Amino acid sequence: MSTSGAAPAASRNARFAWYAGLFVLGALVGTAGALVQAAWLPGGLFLALLAATAVFYGGLRATGTHAGVVAGGGGWLLAVILLSLGRPEGDGVFAGGVGELLFLFGGMALAVMCATLGRLPRPAP
């Protein structure tokens, strides 16, 4: 009996688990960044954007594909968008200042930069 069919299925499932983990990690970093960037401006903004960059570039390096950046960036963007909507009572995480806009547009720009990076060549054995 050959088990050659099991290896691609396991690899595929592992890849989807990586993408799901990166999506959740991106959402967590987006939520934490939304809270930190306003609390310790400008250091909090820098820290939040640095963490977002780590998730985006780490997703690229961990998976070896651009889909890793998209997974982390998708989670980050979903969290930031949901937090920016606010509630009907008027409560919201973002107050509408310059720091919030820099966090939103800066994070999106960093995700695009990481997504357009070329893959690094594999070292020769």
Side-chain angles (χ1 to χ4, degrees):
M1 290 190 128
S2 172
T3 60
S4 62
S11 174
R12 181 183 217 182
N13 292 337
R15 190 172 348 124
F16 287 133
W18 269 104
Y19 295 149
L22 286 168
F23 185 85
V24 170
L25 184 63
L28 290 173
V29 167
T31 302
L35 299 172
V36 168
Q37 61 85 23
W40 300 321
L41 194 69
L45 176 63
F46 177 73
L47 183 66
L49 290 176
L50 185 65
T53 304
V55 170
F56 305 149
Y57 187 70
L60 175 67
R61 295 296 302 215
T63 62
T65 65
H66 296 293
V69 179
V70 173
W76 181 88
L77 187 62
L78 180 68
V80 171
I81 294 292
L82 289 177
L83 289 172
S84 69
L85 292 177
R87 296 179 11 176
E89 294 86 14
D91 299 339
V93 175
F94 295 114
V98 174
E100 289 85 2
L101 290 174
L102 286 174
F103 177 63
L104 178 64
F105 292 125
M108 288 190 295
L110 290 168
V112 168
M113 281 189 253
C114 289
T116 57
L117 285 175
R119 284 189 239 161
L120 297 175
R122 300 204 185 268

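Keep in mind that this is a model prediction, so the values were computed, not measured.
The line from OG1 of Thr31 to CH2 of Trp76 is 11.0 Å long, rounded to the nearest 0.5 Å. Annotation: the span from Leu82 atom CG to Leu77 atom CG amounts to 9.5 Å, rounded to 0.5 Å. The CZ atom of Phe46 sits 8.5 Å away from the OG1 atom of Thr53 when rounded to the nearest 0.5 Å.
Hydrophobic clustering places Met108 together with Leu101 (ILVMFWY residues linked when any side-chain heavy atoms are closer than 4.5 Å, directly or through intermediates). Hydrophobic clustering (ILVMFWY, side-chain heavy atoms < 4.5 Å, transitive): Leu78 and Leu85 are in one cluster. When hydrophobic clusters are built by joining Ile, Leu, Val, Met, Phe, Trp and Tyr residues whose side-chain heavy atoms come closer than 4.5 Å, directly or via intermediates, Ile81 is grouped together with Leu102. Leu83 and Leu104 fall within the same hydrophobic cluster, where Ile, Leu, Val, Met, Phe, Trp and Tyr residues are linked whenever their side-chain heavy atoms come under 4.5 Å apart, directly or through other members. Cluster membership check: Val80 shares its hydrophobic cluster with Leu49, using side-chain heavy-atom separations under 4.5 Å among Ile, Leu, Val, Met, Phe, Trp and Tyr.
Using a 4.5 Å cut-off on side-chain heavy atoms (C-beta onward), Met113 and Tyr57 make no contact. Taking the side chain as every heavy atom from C-beta outward, Phe56 and Val29 never approach each other to under 4.5 Å.
None of Leu60, Leu110, Thr63, Leu117 except one satisfies the side chain to side chain contact (heavy atoms under 4.5 Å, CB included) rule with Val69; the exception is Leu60.
Considering all non-hydrogen atoms of both residues, Gly33 and Phe103 come closest at C-CZ, 3.7 Å. Pairing each heavy atom of Cys114 with each of His66, the nearest pair is O-ND1, 4.4 Å. Annotation for Ala48 and Gln37: closest pair CB-CB, 4.2 Å, computed over non-hydrogen atoms.
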